[in-house]
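Some notes on the structure that comes next.
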Amino acid sequence: MRVLYWFRNDLRLTDNRGLSMAIEKASEVIPVYIFDERLFQTRLGVPRIGPHRLRFLLESLTDLQNSLRQLNSDLIVLVGDPAELIPKLAAEYGAAEVFCSLSQGSEEEQTLQKVQRRIPVTEITDGYLLDPSILPFSITELPDVFTKFRIQVEKQLSIQEPLPRIEKINTPKVSNCDVPDFSLFAMSMPEPHPHRVDDFRGGEQAGLNRLQHYCSSPEKLGRYKETRNGLLGEYSSRFSPWLAIGAVSARSIMKEVKNFEAEYGANDSSYWMFFELLWRDYFRFVYDKYGVLIFQSGGLKDKPTGSRDVRKFQSWCSGQTTCDFVNANMNELSKTGWMSNRGRQNVASFLVHDLGVDWRLGAAWFEYLLVDYDVASNYGNWLYLAGLGNDPRPNRRFNTALQQAQYDPNGEYTRLWTTS
Ligand SMILES: Cc1cc2nc3c(=O)[nH]c(=O)nc-3n(C[C@H](O)[C@H](O)[C@H](O)COP(=O)(O)OP(=O)(O)OC[C@H]3O[C@@H](n4cnc5c(N)ncnc54)[C@H](O)[C@@H]3O)c2cc1C
C-alpha cells in the first residue's frame with residue numbers, strides 16, 4: 001500500500017511515532033508538508049507569522065528535506081489549503097491513505113476533518129512527554145490546578161523511551177518540490193541582532209546539538225534551577241523552538257536528562273527540567289480538556305475581559321509604555337523573536353492588569369513574533385496570567401518595578417534592550 005505522510009508539528013526523524021507507524025503499515029510512504037495559507041492571514045488584526053518564526057520553520061523544513069533525501073526519500077513542500085492539497089496529492093500519486101501526528105489547534109482539527117471527508121486519515125497521538133493513554137484520570141477529570149496534576153502523574157510515572165532515528169523509508173519518485181525561498185512570503189529576512197541570546201538555527205540536527213550542549217554540562221543543566229529566571233546569558237535550555245515545531249521530542253529531552261543524572265547525579269536542577277516539561281504537557285492536556293474555550297475572551301472562567309484600546313496595545317507592542325523593564329523585553333522580542341520566561345510573565349501581566357487590554361491581543365502578538373510559538377503553551381500561559389485559566393490565585397498581577405529590582409538589579413538587561 002502507498003500512503004502520504006503529512007508532516008505538521010513533528011519535523012523530525014528521531015522518535016517520530018507517526019512516521020514510524022506509516023513506514024510499518026505501508027510499503028511506500030510519500031512525505032509531504034503544506035504551508036497552510038491561513039498562516040498568512042491576520043488574527044485580531046495581527047499577522048500570524050513573523051520573520052523570526054518563518055525563518056526557523058524554513059530552516060527546519062530544509063533540514064528535514066535534506067535528511068529524507070539522504071535516505072533516497074524526499075519531502076514535497078507546497079503552499080495552499082491542506083484540505084484541498086492533501087487529497088489532490090493522494091489522488092495524483094495513487095496513495096490510499098494519509099498518516100499524520102496530532103497537531104493541536106481548532107483550525108488544525110477542522111482542516112483534518114475536511115481531509116478525512118475525502119480520504120482515510122490515521123492521526124497518531126503524539127507531542128507529549130507523558131503518553132495520554134496512561135494518565136491516571138480521564139481527560140475530563142484533568143485537575144484544574146497544575147500541582148494536583150503533577151502529584152497524581154508523578155505517583156505512577158512512566159515515560160516511554162524515544163524511538164530510534166528512522167534509517168529507511170521507501171518513497172517512489174516524486175516531482176521536485178523544494179522548500180520555498182523566504183522571498184515568497186513577502187517579508188524580509190531578519191538580520192541577526194548583535195545582542196540575541198541564540199542564533200536559533202532551525203532543524204532537527206541543530207535541536208539535537210542544543211540538547212547535547214545543554215544536557216552534557218553540570219554548569220548548564222546542572223544549575224538550571226538557579227539560573228532559569230535570568231534575563232542575560234545562558235540562563236535556560238532554549239529547547240522551546242525545537243519542541244514547538246517538533247524537531248526534537250520531549251521524550252528525547254528526558255532521555256538526555258536521565259543520561260546527565262547517570263553521569264553527574266540527579267539534583268534539583270535536573271528534576272526541574274522535568275517539572276517544566278510537565279507544565280508543557282499540562283497545557284496540552286488543558287487544551288484537550290477545554291478545546292476552543294482557551295481562545296475565548298473569558299477563557300475558562302467566563303469573566304469579563306480587557307479593552308481593545310489600540311493606542312495602549314500599540315504602546316506595548318512597540319516598547320513605549322511607562323515601564324522600561326516591559327519596554328526592554330518587548331524590544332528584545334521584536335528584534336529577535338525571543339523573550340525569557342520572566343520577561344513573558346511581566347509583559348503579559350502589564351498588558352492585562354496595568355493597561356487593561358484584552359489578553360487575546362497579547363497572545364496574538366506573541367504568536368506573530370515568538371520563534372517558539374506553540375498554541376497550548378501560549379494560550380495556556382496567557383489565560384493563566386490573565387486570571388482566566390488554571391491559576392488558583394484570582395489575580396496574578398506582577399509588580400514590574402519590584403520584578404525589575406529583583407531580576408535586573410543593575411539595570412544591565414533594561415539598558416541593553418533600551419539602547420539597541
Ligand atoms: C505569556 C506567556 C506566553 C508563552 N508562550 C509560549 C509559547 O508560545 N511557546 C512555548 O514553548 N512556551 C511559551 N511560554 C512558556 C515559557 O515562557 C517558555 O516555554 C520558555 O520561556 C522557553 O524557554 P526555554 O526553552 O529556555 O525554557 P526552560 O526554562 O529551559 O524550560 C524547558 C522547557 O519546559 C517547557 N516550559 C517551561 N516553562 C513553561 C511554561 N510556563 N509553560 C509551558 N511550558 C514551559 C518548555 O517546553 C521549555 O522549552 C509562555 C509563557 C508565558 C508567560
Side-chain angles (χ1 to χ4, degrees), residues 9 48-50 52-53 56 104-105 127-129 146 149-150 197-198 200 207 210-211 213-215 220-221 223-231 233-254 256-257 269-287 294 299 316 326 329-330 332-333 336-353 359-391 396 398 403:
N9 280 333
R48 290 172 58 166
I49 185 167
H52 305 294
R53 187 152 58 90
F56 190 80
Q104 289 188 312
Y128 308 81
L129 174 63
F146 171 76
F149 159 80
R150 178 180 61 74
V197 291
D198 201 299
F200 292 118
R210 174 72 199 162
L211 184 55
H213 169 81
Y214 195 76
C215 291
K220 297 187 173 75
L221 178 58
R223 296 190 58 238
Y224 169 67
K225 193 162 181 238
E226 292 108 89
T227 58
R228 58 179 284 276
N229 279 308
L231 300 165
E234 202 159 18
Y235 48 84
S236 67
S237 72
R238 300 179 201 143
F239 295 153
S240 53
W242 291 279
L243 275 168
I245 217 166
V248 173
S249 76
R251 290 181 296 264
S252 293
I253 296 178
M254 268 317 288
E256 286 306 319
V257 172
S269 286
S270 59
Y271 169 76
W272 217 259
M273 181 53 61
F274 161 70
F275 179 94
E276 293 299 340
L277 289 171
L278 271 193
W279 263 111
R280 175 177 175 274
D281 262 19
Y282 182 63
F283 285 127
R284 292 179 65 86
F285 293 131
V286 167
Y287 174 75
I294 74 161
W316 180 82
V326 167
N329 277 286
M330 294 305 290
E332 183 184 10
L333 176 65
T336 68
W338 181 257
M339 192 194 290
S340 66
N341 185 54
R342 186 53 44 189
R344 295 179 201 201
Q345 290 176 317
N346 273 278
V347 303
S349 166
F350 192 84
L351 182 77
V352 174
H353 301 296
W359 67 272
R360 290 175 308 164
L361 282 169
W365 191 252
F366 270 29
E367 176 173 351
Y368 166 51
L369 282 177
L370 277 178
V371 72
D372 67 6
Y373 166 70
D374 169 88
V375 63
S377 288
N378 191 48
Y379 281 83
N381 274 289
W382 271 97
L383 279 177
Y384 191 88
L385 264 300
L388 301 167
N390 305 88
D391 190 351
R396 185 170 288 261
F398 280 60
Q403 290 272 317

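Note that the structure is predicted; figures quoted are calculated from it, not measured. Computation of the quantities below employed the complete heavy-atom set of this structure, encompassing side-chain atoms and omitting hydrogens, waters and symmetry-equivalent molecules. Note that ligands are numbered from 1 as they come in the structure, with each ligand's atoms numbered from 1 the same way.
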How far is [atom] from its nearest protein heavy atom, and which residue and atom is that?
atom                    : answer
atom 16 (C) of ligand 1 : N341 OD1, 3.4 Å
atom 51 (C) of ligand 1 : N381 CG, 3.4 Å
atom 49 (O) of ligand 1 : S240 N, 3.2 Å

The one among [options] that brings a heavy atom closest to [atom]:
atom                    : options                : value
atom 3 (C) of ligand 1  : V347, N346, N378, L383 : N378
atom 33 (C) of ligand 1 : V248, L277, D281, D374 : L277
atom 28 (P) of ligand 1 : F239, Y224, W242, Y214 : Y224

Proximity flag [X] to ligand 1, non-hydrogen atoms under 4.0 Å:
X    : result
Y282 : no
W338 : yes
R228 : no

Problem - Ring center gap for W382 and Y379 short of 6.0 angstrom - result: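 So the answer is no for these two rings.
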Exercise for the section: Step through it carefully: locate the ring centre of W316, locate the ring centre of F350, and say whether they are under 6.0 Å apart. Expected result: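 Not close enough - the centres of the two rings lie 6.0 Å or further apart.
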Using a 3.5 Å cut-off on N or O atoms only, is [X] in polar contact with ligand 1?
X    : value
Y373 : no
E276 : yes
W382 : no

Sub-4.0 Å atoms of ligand 1 with respect to non-hydrogen atoms of [X]:
X    : answer
R280 : 43 (C), 44 (N), 47 (O)
M273 : 30 (O), 32 (C)
L243 : 47 (O), 49 (O)
Q345 : 53 (C)

Problem - For D391, side-chain contact (heavy atoms from CB on, under 4.5 Å) partners two or more places apart - result: Y384, R393, R396
Problem - Quiz item: cation-pi between R360 and W365, 6.0 Å / 45° - result: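 So R360 doesn't make the cation-pi contact.
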Exercise for the section: Using a 4.0 Å heavy-atom cut-off, say whether E367 meets ligand 1 through its side chain, its backbone, both or neither. Expected result: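 Under 4.0 Å from ligand 1, E367 contributes no heavy atoms.
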Handout entry: Residue part near ligand 1, for Y384, under 4.0 Å between non-hydrogen atoms
Key =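 Y384 to ligand 1: no contact under 4.0 Å from either part.
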Practice task
Please name all residues satisfying ring-ring contact (aromatic ring centres under 6.0 Å, His included) with Y235, sequence neighbours left out, ordered by chain then number.
Solution key: none
